[in-house]
2 protein chains.
Amino acid sequence: MRDTLNRERVVRAAMDLADERGIESLTMRELGRRLGVEAASLYNHVAGKDDLLDGMADLVVAEIDLPSYGVDWKEAMRRRAVSAREVFSRHPWAAGLIDSRGPSGPCSLSYVDRVLGTLLQAGFSPGIAANAFLALDSYIYGFERQWSSLSLGAAVDTTEAAEEVLAAIPQGAYPSLACVATDYAAKPYGDAAAFDFGLGLILASLERLLE
Amino acid sequence: MRDTLNRERVVRAAMDLADERGIESLTMRELGRRLGVEAASLYNHVAGKDDLLDGMADLVVAEIDLPSYGVDWKEAMRRRAVSAREVFSRHPWAAGLIDSRGPSGPCSLSYVDRVLGTLLQAGFSPGIAANAFLALDSYIYGFERQWSSLSLGAAVDTTEAAEEVLAAIPQGAYPSLACVATDYAAKPYGDAAAFDFGLGLILASLERLLE
DNA sequence: ACCTGAACACCGTTCAAGT
DNA sequence: ACCTGAACACCGTTCAAGT
């Protein structure tokens, strides 16, 4: 259909398919169907499914805002963390895909270099910079998957989700969980706010390390 | 073979298979082969592959040491975090499996309840306890996958890994990455030490929140 | 140069038939 | 009660054949 197929269009279509129907629905055959072509034709533009997944991972990393060298290190780390979380929220399959494949693509490498560069420039030693990077990315990559695994399935708003939890709990069992869920139902918050809380904890401690 | 098959044995064998050959090698047919039985026979003990994966997730959570109520909250959080990381290191497929399925099993629920209970008892408000829990678990669940995605593939010791990185980098590109890798090659550290660093950052900030 | 059709080895799952 | 054999609808991938 419309113009001829190429690698870029194939990878983009794969990302859309994964976004809409989940990564487990991403199938060479289904992707071909969506592009109006047989599955076998995709092999003219992509070496195989592995290559397709590599392409998706690299395009996702490219969506994350890189820290610009000018700004304060803490603000730079905050911005790129927030940007990464938004990307992982748009593409729930992305975090798992990236860290099952390692930072191989050129986008990933310059991402790593920029983050480490910002930390070194701020005055962290190479060893601490590496550790700080790992701590931040562990949190960043872990957060969205943790968040979405907690908010159970189909609940429309977050208060409803908390009430679902409460309803599913046997009376009296899990009192602390019930207490927290009740509190949450009264004043719910979103994933952006929750993410900021944990991010602030890590950044505050890093700042103290610098003094 | 040896005795008759049952759900427990099937789930354990699935975990062993996933540990040894990767979660993507876990196949009903391969699992049957390993148990000396046709794939179809497994359906006598397990409702399907989804049920099998649920069983694996629950057994993994059961391997994590629960905090005992007696000890100081910070020490309790540290212990359960270290225990969880060890479990995820033994079972690299576990973190992804658990947070793609949500905390449904009874083991997961008492795990959540105990952690929240410890935080509430320490004096955190329900809202802060929930946020602290989420921050800690995002880090814990994210760490091992991040770590193993960084240490590229086949390097025997960690120094060798760093040298591999350096060799793969085009001369002069990625200077900060090269700097950190060189430093790491001189004095490498293990995953346990790296995990402790980030964990300490989060716990220290939480402690300050309590004052 | 790109696409199709058919094939191959592999999945998860069901079900009648055996013991 | 548990297992087998065969079948079904689905995978990823290859390759000769078409245009």
Side-chain angles (χ1 to χ4, degrees), chain A residues 1-60 92-94 96-98 100-102 104, chain B residues 1-60 92-94 96-98 100-102 104:
Chain A
M1 311 266 144
R2 69 165 59 264
D3 263 346
T4 173
L5 230 44
N6 58 37
R7 180 184 168 88
E8 163 101 11
R9 280 194 0 103
V10 170
V11 177
R12 292 263 176 228
M15 292 176 66
D16 292 344
L17 181 53
D19 287 346
E20 293 167 22
R21 313 241 305 265
I23 189 71
E24 73 287 347
S25 295
L26 172 56
T27 269
M28 297 301 276
R29 290 170 135 100
E30 183 60 36
L31 182 56
R33 217 166 291 142
R34 168 175 289 233
L35 287 166
V37 106
E38 294 300 311
S41 305
L42 299 173
Y43 290 80
N44 284 308
H45 306 103
V46 139
K49 191 169 186 182
D50 253 38
D51 184 40
L52 177 67
L53 294 173
D54 280 337
M56 294 168 68
D58 219 47
L59 278 189
V60 160
W93 43 269
L97 188 62
I98 292 172
S100 79
R101 315 185 88 66
S104 42
Chain B
M1 314 267 144
R2 72 161 59 262
D3 262 346
T4 173
L5 230 46
N6 58 37
R7 181 185 168 90
E8 164 101 12
R9 280 193 2 104
V10 169
V11 176
R12 292 265 176 225
M15 293 176 64
D16 291 344
L17 181 54
D19 286 346
E20 292 167 23
R21 313 242 304 266
I23 188 75
E24 73 285 347
S25 294
L26 173 56
T27 269
M28 297 302 276
R29 291 171 133 99
E30 184 60 37
L31 182 57
R33 217 166 291 142
R34 168 174 287 234
L35 287 166
V37 108
E38 294 301 311
S41 306
L42 299 173
Y43 290 80
N44 284 307
H45 307 101
V46 139
K49 192 170 187 182
D50 253 39
D51 184 40
L52 177 67
L53 294 173
D54 280 337
M56 293 168 68
D58 218 47
L59 278 189
V60 161
W93 44 268
L97 187 62
I98 293 173
S100 78
R101 312 184 90 67
S104 40

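In what follows, every chain begins at residue 1, and chains take the letters A, B, ... in the order their sequences are listed. Hydrogens, waters and symmetry mates are skipped; everything else that's a heavy atom, side chains included, is used. In this text the structure is predicted, and so the values were computed from the model without any measurement.
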### Query
So does B/Ser41 get a side-chain nitrogen or oxygen closer than 4.0 Å to the phosphate oxygens (OP1/OP2) of D/dT4?
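Yes, within the criterion.
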### Message
Measuring to OP1 and OP2 of D/dC3, would you say a side-chain N or O of B/His45 lies under 4.0 angstrom away?
### Response
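The answer is yes; a side-chain N or O of B/His45 sits under 4.0 Å from OP1 or OP2.
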### Working for side-chain contact (heavy atoms from CB on, under 4.5 Å), residues A/Leu5 and A/Asn44
CA-CA 9 Å; A/Leu5 230 44; A/Asn44 284 308; over 6 Å; no
Over all atoms of both residues, closest heavy-atom pair of [X] and [Y]:
X: A/Arg34; Y: A/Glu20; answer: NH2-OE1, 2.9 Å
X: A/Gly48; Y: A/Tyr43; answer: CA-CE2, 3.8 Å
X: B/Met28; Y: B/Leu52; answer: SD-CD2, 4.1 Å
X: B/Arg7; Y: B/Asp51; answer: NH1-OD2, 2.7 Å
X: A/Ile98; Y: A/Ala57; answer: CG1-CB, 4.2 Å
X: B/Val11; Y: B/Met56; answer: CG1-N, 3.7 Å

[N] [atom2] sits how many Å from [X] [atom1], rounded?
X: B/Asn6; N: D/dA1; atom1: CG; atom2: C1'; result: 14 Å
X: B/Leu35; N: D/dC3; atom1: CG; atom2: C1'; result: 13 Å
X: A/Glu24; N: D/dC10; atom1: CD; atom2: P; result: 16 Å
X: A/Leu31; N: D/dC11; atom1: CG; atom2: C1'; result: 14 Å
X: A/Arg33; N: C/dC3; atom1: CZ; atom2: P; result: 17 Å
X: B/Glu38; N: C/dA16; atom1: CD; atom2: C1'; result: 16 Å

How many angstroms lie between [atom1] in [X] and [atom2] in [Y], if you round to the nearest 0.5 Å?
X: B/Ser100; Y: B/Leu53; atom1: OG; atom2: CG; result: 8.0 Å
X: A/Leu35; Y: A/Glu30; atom1: CG; atom2: CD; result: 10.0 Å
X: B/Leu17; Y: B/Arg33; atom1: CG; atom2: CZ; result: 10.0 Å

### Query
Taking a pair as Watson-Crick (N1 to N3 plus N6-O4 or O6-N4) or G-U wobble (N1-O2 and O6-N3), both under 3.5 Å, which stems of 3 or more consecutive pairs involve DNA chain D?
C:4-8 with D:12-16, C:12-16 with D:4-8
Pull out every protein N or O sitting under 3.5 Å from an N or O of nucleotides 17-19 of chain C, one pair per line with the distance.
none

Polar pairs (N or O, both sides) under 3.5 Å between protein and nucleotides 12-15 of chain D?
| from | atom 1 | to | atom 2 | distance (Å) |
| --- | --- | --- | --- | --- |
| D/dG12 | OP1 | A/Met28 | N | 3.2 |
| D/dG12 | OP1 | A/Lys49 | NZ | 3.1 |
| D/dG12 | OP2 | A/Met28 | N | 2.9 |
| D/dG12 | N7 | A/Arg29 | NH1 | 2.3 |
| D/dG12 | O6 | A/Arg29 | NH1 | 3.2 |
| D/dG12 | O6 | A/Arg29 | NH2 | 3.4 |
| D/dT13 | OP2 | A/Tyr43 | OH | 2.7 |
| D/dT13 | OP2 | A/Lys49 | N | 2.8 |
| D/dT13 | O5' | A/Tyr43 | OH | 3.1 |

#### Entry: From CA spacing to verdict: side-chain contact (heavy atoms from CB on, under 4.5 Å), B/Asp50, B/Arg101
CA-CA 10 Å; B/Asp50 253 39; B/Arg101 312 184 90 67; 3.5 Å; yes
